[in-house]
Asks: 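Here's a structure for you.
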2 protein chains.
Amino acid sequence: MAKKKVSAADAPACEITCLHEDVLKRVGHGLTDPEVLRWVAALFKVMGDPSRLKIVNALILSEMCVCDLAALLKMTPSAVSHQLQILRQSDLVKWRRDGKIIYYSLDDEHVSNIFYQGLVHVNEKHHP
Amino acid sequence: MAKKKVSAADAPACEITCLHEDVLKRVGHGLTDPEVLRWVAALFKVMGDPSRLKIVNALILSEMCVCDLAALLKMTPSAVSHQLQILRQSDLVKWRRDGKIIYYSLDDEHVSNIFYQGLVHVNEKHHP
DNA sequence: TGAACATCTGAACAACTGTTCATATATTAG
DNA sequence: CTAATATATGAACAGTTGTTCAGATGTTCA
């Protein structure tokens with residue numbers, strides 16, 4: 001996202017004349033609450049980065065420490081740690097400490113559900 | 001995403017000594033194909049922008065033209081058109097022309113499935 | 001045809017993103 | 001305590017993103 005000038009709330013629609021008023025009235029009431037929608041977008045955004053999705057993919061299969069993930073995914077431990085922080089802040093992963101090692105795992109099964117839904121979509125789109 | 005130096009393929013894992021070899025072996029074979037995973041990440045990325053998700057949310061309820069979407073979502077028609085182009089390129093929406101007006105709608109029910117999965121996750125996370 | 005409208009497109013810009021590097025913190029072993 | 005290891009964190013940088021603006025297509029109708 002980028003700018004956010006004053007125009008957003010008033011000007012943009014003022015020249016539009018091809019509206020379907022009936023549709024707008026009906027749909028307007030069915031829209032998801034804007035704040036909830038921002039949360040959903042944030043969730044997809046987090047899962048929309050290849051590195052993070054690789055981490056999610058790995059954690060679906062087993063809990064793992066940062067070093068395991070780094071070795072498995074060919075990333076630096078620092079990069080993994082940064083992405084895990086984002087996954088942590090979004091409540092997508094949880095962790096437990098065992099001595100020096102911190103084990104990460106998925107926070108709930110919704111995450112893997114969403115992952116598999118995306119997988120099904122892609123498989124059906126990109127297969128004959 | 002950003003840089004992509006030479007280090008990614010060789011160096012990062014060379015100093016790591018805390019590996020759980022058994023886990024890596026087992027999980028390594030269960031990982032989703034990297035190319036498929038990139039497609040899935042791209043799908044989530046497209047749905048991870050608030051403006052685009054608002055458009056998806058609206059199109060779940062009814063097909064609409066650019067002007068309808070612009071008025072409903074308080075965006076300029078140009079901004080809507082740019083985002084629709086991205087949704088089109090990702091095969092998330094389809095369109096039909098009727099005279100001057102182009103009507104957009106969701107390309108298949110996977111998109112709404114994914115949307116609702118995200119919604120369920122957020123509702124259960126952010127509710128008491 | 002030419003005016004009017006709906007939509008698309010390209011350039012430009014600020015805001016944001018993911019990685020790297022260097023360094024800090026935390027935990028254990030000796 | 002100190003050394004060693006595992007992870008976290010902050011700054012910096014290049015690449016990317018979404019919007020706006022101006023203008024280009026395409027379509028209809030008089």
Side-chain angles (χ1 to χ4, degrees), chain A residues 1-9 11-20 41-42 44-55 64-71 73-90 93 95-104, chain B residues 1-9 11-20 41-42 44-55 64-71 73-90 93 95-104:
Chain A
M1 63 202 81
K3 279 182 276 189
K4 186 77 168 214
K5 289 190 176 171
V6 281
S7 55
C14 66
E15 297 290 8
I16 297 174
T17 59
C18 72
L19 299 177
H20 302 75
F44 288 138
K45 185 175 189 174
V46 167
M47 298 188 67
D49 175 71
S51 299
R52 283 191 296 263
L53 201 63
K54 276 194 256 178
I55 293 176
M64 285 199 223
C65 69
V66 176
C67 288
D68 289 337
L69 287 166
L73 307 178
K74 307 278 192 284
M75 296 171 64
T76 63
S78 177
V80 171
S81 183
H82 275 294
Q83 300 301 353
L84 281 171
Q85 184 183 29
I86 294 172
L87 291 167
R88 233 184 301 130
Q89 286 169 349
S90 310
V93 302
W95 52 275
R96 67 181 179 87
R97 181 184 277 275
D98 182 14
K100 280 183 287 193
I101 300 179
I102 297 179
Y103 293 94
Y104 283 89
Chain B
M1 62 202 82
K3 278 183 278 190
K4 186 79 169 208
K5 287 188 177 171
V6 282
S7 55
C14 65
E15 297 290 7
I16 298 174
T17 59
C18 72
L19 298 177
H20 302 75
F44 288 138
K45 185 173 189 176
V46 167
M47 297 189 68
D49 174 72
S51 299
R52 283 191 297 263
L53 201 63
K54 277 194 256 177
I55 293 176
M64 285 199 224
C65 70
V66 176
C67 287
D68 288 337
L69 288 166
L73 307 178
K74 307 278 192 283
M75 297 171 63
T76 63
S78 177
V80 171
S81 184
H82 274 295
Q83 300 302 353
L84 281 172
Q85 184 183 29
I86 293 171
L87 291 166
R88 233 185 299 132
Q89 287 168 350
S90 309
V93 302
W95 51 276
R96 68 181 178 87
R97 163 162 249 151
D98 182 14
K100 281 184 286 193
I101 300 180
I102 298 180
Y103 293 93
Y104 284 88

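The sequence lines fix the lettering, A, B, ..., with proteins before strands; numbering per chain opens at 1.
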Asks: Strictly under 3.5 Å: I want the nitrogen or oxygen pairs between protein and nucleotides 9-11 of chain D, one per line.
Replies:
{"unit_1": "D/dT9", "atom_1": "OP2", "unit_2": "A/Gln85", "atom_2": "NE2", "d": "3.3"}
{"unit_1": "D/dT9", "atom_1": "O4", "unit_2": "A/Ser78", "atom_2": "OG", "d": "2.9"}
{"unit_1": "D/dG10", "atom_1": "O6", "unit_2": "A/His82", "atom_2": "NE2", "d": "2.7"}

Asks: Find the distance B/Ile101:CD1 to C/dT7:C1' and express it as a whole number of Å.
Replies: 11 Å

Asks: Under the side chain to side chain contact (heavy atoms under 4.5 Å, CB included) criterion, do A/Met64 and A/Tyr104 qualify, and how do the steps go?
Replies: CA-CA 5 Å; A/Met64 285 199 223; A/Tyr104 283 89; over 6 Å; no

Asks: Name the nucleic acid region contacted by A/Tyr104, choosing base, sugar-phosphate or nothing; use a 4.0 angstrom heavy-atom cut-off, strictly under.
Replies: sugar-phosphate

Asks: So which protein N/O to nucleotides 23-29 of chain D N/O distances come out below 3.5 Å?
Replies:
{"unit_1": "D/dT27", "atom_1": "OP1", "unit_2": "B/Arg97", "atom_2": "NH1", "d": "3.3"}

Asks: Please check: side-chain N/O of B/Arg52 versus main-chain N/O of B/Gln83, any donor-acceptor pairing under 3.5 Å?
Replies: no

Asks: Whole angstrom is fine here: how far is it from CG in B/Leu53 over to P in D/dG18?
Replies: 13 Å

Asks: CE of A/Met75 to CG of A/Leu69: how many Å apart, nearest 0.5 Å?
Replies: 8.5 Å

Asks: Rounded to the nearest 0.5 Å, what separation is found between the CG atom of A/Asp98 and the SG atom of A/Cys65?
Replies: 10.5 Å

Asks: D/dA8 C1' sits how many Å from A/Ile102 CD1, rounded?
Replies: 8 Å

Asks: Measure from CG on A/Leu84 to P on D/dT7 and round the result to the nearest Å.
Replies: 10 Å

Asks: Quick one: closest heavy-atom pair of A/Leu53 and A/Met47, and the distance?
Replies: CD1-O, 3.4 Å

Asks: Could you give the angle between the helix axes at the two ends of the helix from C/dT1-D/dA30 to C/dG30-D/dC1, with five pairs per end, rounded to 10 degrees?
Replies: 20°

